[in-house]
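Structure first, commentary second.
Owing to the predicted nature of the structure, the values given are computational and were not obtained by experimental measurement. Proteins get letters first, then strands, A, B, ... in listed order; numbering begins at 1 in each.
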Amino acid sequence: MTPYSAALLEWYRRERRPLPWRGETDPYRIWVSEVMLQQTQVETVKPYYHRFLARFPKLADLARAELLDVLAIWQGLGYYRRARCLHAAAQRVVAEHGGELPREPAVLRRLPGVGEYTAAAVASLAYGVPVAVVDGNVERVVSRWLALPDDPSTGAGRRAVRALLAERLPAAAPGDFNQAMMELGAMICLPASPRCERCPVTAWCRAYAEGEPARYPVRTAAKAPRRRLHICAVIRREGALLLAQRPAEGRWGGLWELPRVELAPEYDPAEGLRAGLRAALGIEVAVGAKLAGLRHAVSGESIELRAHVCDIVSGEPAALGYAAVGWSASPEELPLPTPQRHMLAMLAIQGGS
DNA sequence: AAGACGTGGTG
DNA sequence: TCACCAAGTCT
């Protein structure tokens, strides 16, 4: 146990936040929390964690469930592939591992949706296997600890971070060390303005000694988001709204939405919407007034989402470019992408559904 | 190996 | 309004 680890662990045991999964020993629950926490903040995860485990208390419950029920719990949390993978992995654990989550990182790693981080997290937190986790927090803490000159997301930086951790991970308490590193990154060693005055390990921190810890980790510049225009159709019939389910693969896979087209900038919006609905649903529509609009971002894109009222001129909706289509009088009960949920709320406020 | 994949908080 | 980023994984 190095002095750094001792100081870190002592701080962690004193200052750690009481989180719902803190101190959890059930490997299944630890796994669920780690998957939900991928690229997702603690406060966002909390309610989903409780709802998910109330609905699927044991791994076997999840394995038995319908995918749509899993997606219904997951809606709004994002990265929906995680839900599909969690469901598929649970079924595989039942089929191939007797219903018990494996303890070896290499075996865990073969489950869908379990990458290097999650395998290490489950192995170390649930089973005490001495393997280090590397997430965004750990990359930042280690980059500052050693004042690493390389971007930790590139080859040289990755190797440097893992080499340091392999050397310093205390074999007696790998789970606590891992959680302590992440907790330090989340509470003290913050990206923009680290709270060094409250940090237990400044004595060993090179970035602190240099005087400008926020310079680390070194990052290569990100590209500007591409701007996109999406138009969705509000088509009503007898008090119901036409909804379509997206294909299982890709963005918002398996979720429902108002039929939507993505427009290239050179197209006329109304003409593009008509052509898109012809291709995706096999219907001819007349495009009416714009009812509402909003802007949202998804990785690498800034999307303006507009809704236009439309009337079907000919044809009956068919699931050509979608997994399914249907008329719904209560679309808010379906699993929807969050921007679609916002859009439906705006439409309801304006004119009812 | 660069890009896709969601959403929400922060400054 | 916008850039950045969060307990990453997959292709």
*Does a donor on one side chain sit under 3.5 Å from an acceptor on the other, for Arg82(A) and Thr118(A)?*
no

*Nearest whole angstrom, please: distance from the P of dT10(B) to the CE of Met187(A).*
12 Å

*Over how many whole Å does the gap from Leu255(A) atom CG to dC5(B) atom P extend?*
14 Å

*asked:* Under a 3.5 Å distance rule, please check whether His308(A) uses its side chain to pair with a backbone N or O of Gly288(A) as donor and acceptor.
replied: yes

*Tell me: CZ of Arg195(A) to P of dT10(B), nearest whole Å?*
11 Å

*Considering the options Val287(A), Leu273(A), Leu305(A), which one meets the side chain to side chain contact (heavy atoms under 4.5 Å, CB included) requirement together with Ile231(A)?*
Leu273(A)

_If I pick the P atom on dC5(B) and the same atom on dA7(C), what distance separates them, to the nearest angstrom?_
23 Å

*Tell me: NZ of Lys46(A) to P of dG8(B), nearest whole Å?*
17 Å

*How long is the line joining CZ of Arg228(A) and C1' of dG6(B), in whole Å?*
17 Å

*asked:* In this structure, how many angstroms lie between the P atom of dT7(B) and the CG atom of Leu294(A), rounded?
replied: 11 Å

*Met181(A) and its side chain to side chain contact (heavy atoms under 4.5 Å, CB included) partner, picked from Leu8(A), Asn137(A), Leu169(A)*: Leu8(A)

*How many Å lie between CH2 on Trp256(A) and P on dG6(B), as a whole number?*
18 Å

*asked:* Work out how far the P atom of dT1(C) is from that of dG6(B), and round it to whole angstrom.
replied: 24 Å

*asked:* Given 3.5 Å as the limit, does a donor-acceptor pair link the side chain of Gln75(A) with the main chain of Leu336(A), or not?
replied: yes

*Might you confirm whether atom CZ of Arg51(A) has over 12 heavy atoms from other residues, nucleotides or ligands at distances under 6.0 Å?*
yes

_Treating primed atoms plus P, OP1 and OP2 as sugar-phosphate and everything else as base, which nucleotides of nucleotides 2-11 of chain C get B, S or - for protein heavy atoms under 4.0 Å?_
SS--BBBBS-

*Between His296(A) and Arg226(A), just flag the one whose closest nucleotide in DNA chain B comes earlier from the 5' side.*
Arg226(A)

